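This structure is a prediction, so every number in the text was calculated from the model and none was measured. Numbering of ligands and ligand atoms starts at 1, following listing order.
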Amino acid sequence: MIIAIDGPAGSGKSTTARAVARKLGLSYLDTGAMYRAVALQFIRQGLDATDEGARDALSNLELQLAPGPDGLVVSLSGKVVTEEIRTPEVTAMASKVSQLKAVRERMVDEQRKMARQETDARRGVVLEGRDIGTVVFPNADLKVFLTADLAVRAQRRAAQMDSGEERAIRKEMDRRDHRDSTRAESPLRRAPDAVEIDTTGLDFKDQVARIVALAGERRRNNRV
Ligand code: DC
């Protein structure tokens with residue numbers, strides 16, 4: 001079974017996808033972490049977010065994602081970078097490099113490969129990102145599009161980062177949403193057959209329960 005969860009920054013995708021995967025005994029793949037790791041590679045090599053930069057960054061990219069006790073462990077060139085890919089610098093760069101066609105093609109390829117391994121080995125996978133339901137797995141068994149008001153998303157992100165800079169976070173988030181949803185390559189968009197869940201006033205447990213119930217329905221209907 002393949003479950004696609006897409007949505008803008010701070011909509012609760014990661015926490016929700018992780019909880020859904022745990023409840024259903026599925027694997028979890030955070031595709032944003034992959035774009036973040038590529039962004040770190042650009043930064044480390046001093047490359048610009050251009051087609052040329054992409055060629056250099058991808059030519060020696062050694063990216064690994066493995067499930068760990070506290071979530072996904074991301075390694076770049078054999079070293080764990082799970083923390084490093086969460087800095088504001090990497091966040092901004094990830095939004096830029098994810099616009100590049102060559103980067104997207106390589107990431108989508110890897111995501112399909114990893115998901116296939118997981119569906120072969122286990123019962124399925126929950127993938128979380130921006131284009132999972134539209135591009136990576138247009139035939140996913142269940143597609144969910146999570147949204148929430150910008151103010152609430154910024155509030156959540158500030159709390160998560162233990163930061164008092166909510167206004168600045170909100171501004172940056174708005175800029176990133178705009179870039180992610182207006183880019184030419186695979187923009188952030190709700191797939192026509194995705195179930196939209198607005199998490200603005202929702203209790204976390206309820207939103208997870210709703211997706212788990214939807215997955216149960218699909219499983220019975222599609223026998224996946
Ligand atoms: O979900 P996130 O904040 O970790 O994602 C980081 C950046 O990666 C985000 O600005 C958009 C990009 N991204 C993407 O283009 N496609 C995905 N499937 C996942 C993330």
_Between OG1 on residue Thr87 and CE on residue Met93, distance to nearest 0.5 Å_ = 11.5 Å

List, pair by pair, the atoms of ligand 1 and of the protein that are both N or O and lie under 3.5 Å apart, giving the separation rounded to 0.1 Å.
from, atom 1, to, atom 2, distance (Å)
ligand 1, 1 (O), Arg130, NH1, 2.8
ligand 1, 1 (O), Arg130, NH2, 3.4
ligand 1, 3 (O), Arg36, NH2, 3.0
ligand 1, 3 (O), Arg130, NH2, 3.4
ligand 1, 3 (O), Arg176, NH1, 3.1
ligand 1, 4 (O), Arg36, NE, 2.7
ligand 1, 4 (O), Arg36, NH2, 3.4
ligand 1, 10 (O), Arg176, NH1, 3.0
ligand 1, 10 (O), Asp180, OD1, 3.4
ligand 1, 10 (O), Asp180, OD2, 3.0
ligand 1, 15 (O), Arg104, NH1, 2.8
ligand 1, 15 (O), Arg104, NH2, 3.4
ligand 1, 15 (O), Arg183, NH1, 2.8
ligand 1, 15 (O), Arg183, NH2, 3.0
ligand 1, 16 (N), Arg104, NH2, 3.0
ligand 1, 18 (N), Thr31, OG1, 3.0
ligand 1, 18 (N), Arg130, N, 3.1
ligand 1, 18 (N), Asp131, OD1, 2.8

*Near Gln45 CD, under 6.0 Å, is it more than 12 heavy atoms from other residues, nucleotides or ligands?*
yes

*Grab the two heavy atoms, one from Ala33 and one from Arg86, that are nearest each other, plus how far apart they are.*
CB-NH2, 3.8 Å

*asked:* Any carboxylate oxygen within less than 4.0 angstrom of a Lys/Arg side-chain nitrogen, looking at Glu110 and Arg106?
replied: yes

*Looking only at heavy atoms, which two atoms of Leu127 and Thr31 are closest? And how far apart?*
CD2-CG2, 4.3 Å

*Arg190 side chain to Phe145 main-chain N or O, any donor-acceptor pair under 3.5 Å?*
no

